[in-house]
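One structure is given below, encoded as structure tokens.
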There are 2 protein chains.
Amino acid sequence: MARTDFGGIACSIARSAAIVGDPWALLVVRDVAVGLHRFDEIQRDLGVATNVLSDRLQRLVSAEVLRKDRYERHPDRFEYRLTDKGRDLMPALLALMAWGDRWESGAEGPPLLVRHKDCDHITQPVVVCDRCGEQLTTGSVDYRPGSGGRIAPGTALIANVLKR
Amino acid sequence: MARTDFGGIACSIARSAAIVGDPWALLVVRDVAVGLHRFDEIQRDLGVATNVLSDRLQRLVSAEVLRKDRYERHPDRFEYRLTDKGRDLMPALLALMAWGDRWESGAEGPPLLVRHKDCDHITQPVVVCDRCGEQLTTGSVDYRPGSGGRIAPGTALIANVLKR
């Protein structure tokens, strides 16, 4: 049985993936974050088919990652801006970008460097524990049941995790 | 013109997305990371069609995120393990999961809590600057050209960023 309602799986990776687990969606969020706000700008930048771009923008607006603002009337023209939820997604995208930099750049090196304006250094985004500040690794974490962790079809993982 | 060779775009988000910008791929990595290593276990956990799972496992092996180890002969049986590259992806997935926890959990709360074994606290993974330790936000970073940032069709973003 195939299932495609990822948002319905009681797992925050699945729910996030339902929104941004798509290359075009990620690239649209990236483009809006760096300052491309209009359909035509994003379309030209990505070389994406207009119907695909329309679909992704609409999904991202309905997921409240982007909002659509009218900036001109007669005719109405719109631009896309990150919402608070969309802005909050960028750190995860920076972590994903850093992974791509480390593993997919090849001999050429990273395409883009990230500068942290507050300390004025080129930064490597790292994922740390908010309690002790140490970097989190695959081996340094395990999992506990959360209040939203109902055991139901499609949530077998949670049962598996809790058995360990 | 549609383009689907995301890995060819000079952007590490695009390159990462070419590998894991797919809900099933993300969920397979998650499952392997928490200890499900065999095709049947992952298939049962995710309720995913076997052809889809075969495809995603094969892609993740060829991207060197997973490796396929034989654990039994006659008949040969295999299991999937994270490579170093796959383990290095988990922090970004934890950041994405934390975003899902914050924005998609609803009143029920997060399905799973992440415990940092080193400090023995339930942790919120946060993305920080490796130089100063401060949290990175959309507004606190900008971008500089990297050595791999050739200006070419499909890399218009970089030109855009550098104009700012």
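What you see is a predicted model; the values in this text were computed from it and never measured. Just so we're on the same page: letters track the sequence lines, and every chain starts at 1.
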**Asked** Contact part of B/Asn51 toward chain A, heavy-atom cut-off under 4.5 Å: side chain, backbone, both or neither?
**Response**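 It is neither, since no heavy atom gets under 4.5 Å.
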
**Request:** With a 4.5 angstrom heavy-atom cut-off, could you sort out which part of B/Leu53 is near chain A: side chain, backbone, both or neither?
**Result:** neither

Can you tell me which portion of [X] sits under 4.5 Å from chain B's heavy atoms? Options are side chain, backbone, both or neither.
{"X": "A/His121", "result": "side chain"}
{"X": "A/Leu94", "result": "side chain"}
{"X": "A/Glu64", "result": "neither"}
{"X": "A/Leu82", "result": "side chain"}
{"X": "A/Val65", "result": "side chain"}
{"X": "A/Ile122", "result": "both"}
{"X": "A/Cys129", "result": "both"}

Interface residue of largest heavy-atom contact number with chain B, from [options], under 4.5 Å:
{"options": "A/Thr123, A/Val126, A/Leu26", "value": "A/Val126"}
{"options": "A/Ala33, A/Ser105, A/Pro91, A/Ala107", "value": "A/Pro91"}
{"options": "A/Arg131, A/Arg115, A/Arg87, A/Glu104", "value": "A/Arg115"}
{"options": "A/Pro23, A/Ala92, A/Gly109", "value": "A/Pro23"}
{"options": "A/Asp101, A/Thr138, A/Asp88", "value": "A/Asp88"}

Report yes or no: does [X] contribute a side-chain atom to a donor-acceptor pair with the main-chain N or O of [Y] at less than 3.5 Å?
{"X": "A/Ser16", "Y": "B/Leu96", "value": "yes"}
{"X": "A/Gln43", "Y": "A/Val48", "value": "yes"}
{"X": "A/Lys68", "Y": "A/Gln58", "value": "no"}
{"X": "B/Lys85", "Y": "B/Ala63", "value": "yes"}
{"X": "A/His116", "Y": "B/Val141", "value": "no"}

**Fill in**
Comparing B/Met90, B/Glu134, B/Lys117 against chain A, the one with the most heavy-atom pairs below 4.5 Å turns out to be B/Lys117

**Top contributor to chain A contacts, counting heavy-atom pairs under 4.5 Å, from B/Gly100, B/Gly86, B/Ala98, B/Ala14** =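 Looking at each option in turn, the highest pair count goes to B/Gly100.
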
**Item:** N-O pairing of B/Asp55 and B/Arg59 below 4.0 Å
**Value:** yes

**Prompt:** Can a salt bridge be assigned to the pair A/Asp45 and A/Arg30 using a cut-off of 4.0 Å between side-chain N and carboxylate O?
**Reply:** yes

**Prompt:** Do A/Tyr143 and B/Val114 have side chains that get closer than 4.5 Å, going by heavy atoms?
**Reply:**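 The answer is yes; the side chains approach within 4.5 Å.
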
**Asked** Could you give the distance from CZ (B/Arg102) to CD (B/Gln124), rounded to the nearest 0.5 Å?
**Response** 7.0 Å

**Asked** Under 3.5 Å, is there a donor-acceptor pair between the B/Asp118 and A/Ser140 side chains?
**Response**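 Checked: B/Asp118/A/Ser140 side chains show no N/O donor-acceptor pair below 3.5 Å.
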
